[in-house]
Peer 1: 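Once you've had a glance at the structure underneath, I'll fire off some questions.
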Amino acid sequence: MRVTVVTAFPELLEPFTRSGVIGKAVEKGILEIRCINPRNHAEGAYGQIDDYAYGSGGMVLMPEPLARAVDAAREEGPATVVYPGPQGIPLGQHLVESLAVNEHLVIVCGRYEGVDERFVEEYVDLEISIGDYVLTGGELPAMVIVDAVSRMISGVVGQESAVEEDSFFRGMLDTPHYTRPASWRGREVPKVLTGGDHEAIRSWRRGQSSARTAGRRPDIIAGANIGPYLDKGVYVILVPATETIPAADLSDMAEACFAFGCKRLLCVVHGGSERKSLQAHAGERVKAVSTMESAFAWIQKREKAEPFTIVSSGKAGGIHWLELKRRALDSGRPLVFVFDMTEKEKIPAGAETAILGPIRGGKGDVSLSNARDAAVVILDRFFGWR
Ligand code: ADE
């Protein structure tokens with residue numbers, strides 16, 4: 001990846017491009033960073049690049065030196081031009097990942113009051129803000145953008161699994177980290193981390209991530225895949241509208257559920273021969289059962305825990321999916337989604353159950369009559385990558 005930073009202060013970026021992980025990536029040739037100084041593209045003998053702003057009197061970068069600098073950057077081919085500014089769209093992991101697919105990024109650093117708006121209109125593809133505060137120039141945001149984007153490029157960060165596990169990559173906050181000594185100024189490293197039980201460590205880390213995210217950034221849970229943070233399995237129970245549901249439809253739905261990390265699609269069919277036929281033809285991701293009770297009993301036996309059940313009703317008055325996502329994460333239980341297309345079955349007493357509100361869209365509350373469609377929409381909210 002190539003990055004060209006248009007800046008009147010290239011000396012600010014110099015140490016950044018030579019140190020640490022970024023310095024190594026530059027050295028290895030995975031990343032190329034260069035600076036173009038708009039002063040070298042100024043019109044007058046004094047290298048003037050700024051002037052008084054019409055109307056307010058502050059200083060603004062003139063459009064022509066910036067335009068010429070970007071033209072020079074683009075001489076070797078097309079590039080995406082980014083302008084860091086507090087009016088831009090907020091930089092988040094999704095945007096970082098989108099920027100990482102570019103072969104050449106040109107980042108134009110503003111100073112003073114900003115840059116002439118006509119330059120932005122003519123040259124800038126994306127205006128990006130790194131937060132709701134005002135800095136004295138675009139160089140620090142440029143370094144922030146380059147740093148975050150570079151980490152997405154293969155070979156930049158030594159251990160790529162570390163990138164995957166990082167905060168925000170899966171939409172949740174990171175766990176706390178510790179190193180030696182195990183005891184420091186009377187503070188101990190959590191016992192579980194020194195015990196060597198890897199399953200217990202994974203479970204502890206999942207718990208820490210969930211608790212931190214719920215406590216500090218509940219807003220980001222909406223966009224997170226909570227699958228990796230659940231200690232127990234996820235199941236879907238379907239009560240089809242008709243007992244003669246085609247096996248192909250069922251395996252199709254099971255495939256969709258499986259794609260979101262569900263362990264099994266259980267289908268309640270009372271009739272013995274219909275059930276046998278379904279089991280024979282629907283594939284191993286489907287389990288045909290005779291009653292809702294037996295579906296729950298099977299899950300409970302397999303998971304050795306009482307599930308947290310989410311019933312999709314399609315009717316107004318249920319709980320918002322985001323609140324249920326938070327509760328599911330908090331419960332530490334196996335998760336069961338129930339789609340009862342007959343609206344007749346009872347959930348066994350004792351199971352912790354919540355009713356999910358309808359899917360909202362179009363002109364109002366949309367109730368999807370097709371169980372597979374409803375399952376895909378709902379499972380995507382809990383386990384989709386955003
Ligand atoms: N330039 C000045 N303030 C900025 C901010 N918050 N984000 C990006 N660029 C900026």
Peer 1: Cluster partners of Tyr235, using ILVMFWY side-chain heavy atoms under 4.5 angstrom, listed by chain and number?
Peer 2: Ile237, Val239, Leu266, Val268, Val289, Met292, Phe296, Trp298, Ile299, Val311, Val336, Val338, Ile347, Ile355
Peer 1: Are Met1 and Leu91 co-members of a hydrophobic cluster defined by side-chain heavy atoms under 4.5 Å apart?
Peer 2: yes
Peer 1: Taking side chain to side chain donor-acceptor pair (under 3.5 Å) as the definition, give me every residue that meets it alongside Arg360, ordered by chain and number, with sequence neighbours left out.
Peer 2: Asp365
Peer 1: For Tyr133, is the OH atom crowded, meaning more than 12 foreign heavy atoms sit under 6.0 Å from it?
Peer 2: yes
Peer 1: Is the closest side-chain donor-acceptor distance between Ser294 and Thr291 under 3.5 Å?
Peer 2: yes
Peer 1: Which distance, rounded to the nearest 0.5 Å, do you find between the CZ of Arg285 and the SG of Cys262?
Peer 2: 11.5 Å
Peer 1: Mind checking what makes side chain to side chain donor-acceptor pair (under 3.5 Å) contact with Ser183, not counting sequence neighbours?
Peer 2: Glu188
Peer 1: Output all residues satisfying side chain to side chain donor-acceptor pair (under 3.5 Å) with Asp219, sequence neighbours left out; order by chain, then residue number.
Peer 2: Arg217
Peer 1: State yes or no: do Trp184 and Val189 share one hydrophobic cluster built from I, L, V, M, F, W and Y residues joined by side-chain heavy-atom distances below 4.5 Å, directly or via other members?
Peer 2: no
Peer 1: Give a yes-or-no answer on whether the side chains of Asp125 and Thr80 include a donor-acceptor pair shorter than 3.5 Å.
Peer 2: no
Peer 1: Taking atom CG of Leu193 and atom CD of Gln208, what is their separation to the nearest 0.5 Å?
Peer 2: 8.5 Å
Peer 1: What are the two closest non-hydrogen atoms of Leu173 and Thr213, and how far apart are they?
Peer 2: N-OG1, 3.0 Å
Peer 1: Is it possible for you to say whether Val108 and Met59 belong to one hydrophobic cluster, with membership spreading through side-chain heavy-atom contacts below 4.5 Å?
Peer 2: yes
Peer 1: Taking the ring of Phe382 and the ring of Phe337, is the distance between their centroids below 6.0 Å?
Peer 2: yes
Peer 1: Quick one: does NZ or CZ of Arg111 land under 6.0 Å from the six-membered ring centre of Phe9, within 45 degrees of the ring axis?
Peer 2: yes
Peer 1: Would a hydrophobic clustering, with Ile, Leu, Val, Met, Phe, Trp and Tyr connected at side-chain separations under 4.5 Å, put Leu31 with Val6?
Peer 2: no
Peer 1: Above 12 or not: heavy atoms from other molecules or residues under 6.0 Å from CD of Glu284?
Peer 2: no
Peer 1: Salt bridge or not for Glu103 and Arg2, using N-O below 4.0 Å?
Peer 2: no
Peer 1: With distance as the sole test, does Lys287 use its side chain to make a donor-acceptor pair with the main-chain N or O of Cys267 at under 3.5 Å?
Peer 2: no
Peer 1: Find the distance between CG (Asp116) and CG (Leu61) and round it off to the nearest 0.5 Å.
Peer 2: 9.5 Å
Peer 1: From Gln93 CD over to Glu97 CD, what is the distance, rounded to the nearest 0.5 angstrom?
Peer 2: 4.5 Å
Peer 1: Go through the side-chain N and O atoms of Tyr123 and Asp71 and say whether any donor and acceptor fall under 3.5 Å apart.
Peer 2: yes
Peer 1: Heavy-atom count check: over 12 atoms from other residues, nucleotides or ligands less than 6.0 Å from His177 NE2?
Peer 2: yes
Peer 1: Using a 4.5 Å cut-off on heavy atoms from C-beta on, say whether the side chain of Cys35 contacts that of Glu14.
Peer 2: no
Peer 1: Any side-chain heavy-atom pair from Asn225 and Phe260 closer than 4.5 angstrom?
Peer 2: no
Peer 1: CD of Gln48: more than 12 outside heavy atoms within 6.0 angstrom?
Peer 2: yes
Peer 1: Is a side-chain donor or acceptor of Ser129 paired with a backbone partner of Pro90 at a separation under 3.5 angstrom?
Peer 2: no
Peer 1: To the nearest 0.5 Å, how far apart are OG in Ser210 and CZ in Arg205?
Peer 2: 12.0 Å
Peer 1: Quick one: are Pro65 and Arg39 in side-chain contact, heavy atoms under 4.5 Å?
Peer 2: no
Peer 1: Nearest heavy-atom pair of Asp340 and Glu345: which atoms, and what distance?
Peer 2: OD2-N, 2.9 Å
Peer 1: Could you check Glu293 against Lys346 for salt bridge (Lys or Arg N to Asp or Glu O under 4.0 Å), going step by step and ending with a plain yes or no?
Peer 2: CA-CA 9 Å; Glu293 280 81 9; Lys346 280 207 166 55; over 6 Å; no
Peer 1: Quick check against the 3.5 Å criterion: does Lys325 have a side-chain atom that pairs as donor or acceptor with the backbone of Ala222?
Peer 2: yes
Peer 1: Please tell me if the side chains of Phe16 and Val26 come closer than 4.5 Å, counting only heavy atoms from C-beta onward.
Peer 2: no
Peer 1: Salt bridge (Lys or Arg N to Asp or Glu O under 4.0 Å) with Asp50: which residues, sequence neighbours excluded?
Peer 2: none
Peer 1: So, for Gln300 and Pro307, which heavy atoms are closest and what is the spacing to 0.1 Å?
Peer 2: OE1-CD, 4.2 Å
Peer 1: The criterion is side chain to side chain contact (heavy atoms under 4.5 Å, CB included); which residues satisfy it with Thr4, sequence neighbours excluded?
Peer 2: Arg34, Ile36, Ala73, His104, Val106
Peer 1: Is there a path of hydrophobic side-chain contacts, each under 4.5 Å between heavy atoms, that joins Leu278 and Phe258?
Peer 2: no
Peer 1: What closest approach, in Å, do Phe308 and Ala354 show between heavy atoms, and which atom pair accounts for it?
Peer 2: CZ-CB, 4.3 Å
Peer 1: Return the CD to CG distance between Glu199 and Asp231, rounded to the nearest 0.5 Å.
Peer 2: 7.5 Å
Peer 1: Side chains of Leu99 and Ile128: does their closest heavy-atom pair fall under 4.5 Å?
Peer 2: yes
Peer 1: Which atom pair, heavy atoms only, marks the closest approach of Gly57 to Tyr52?
Peer 2: O-CD2, 3.3 Å
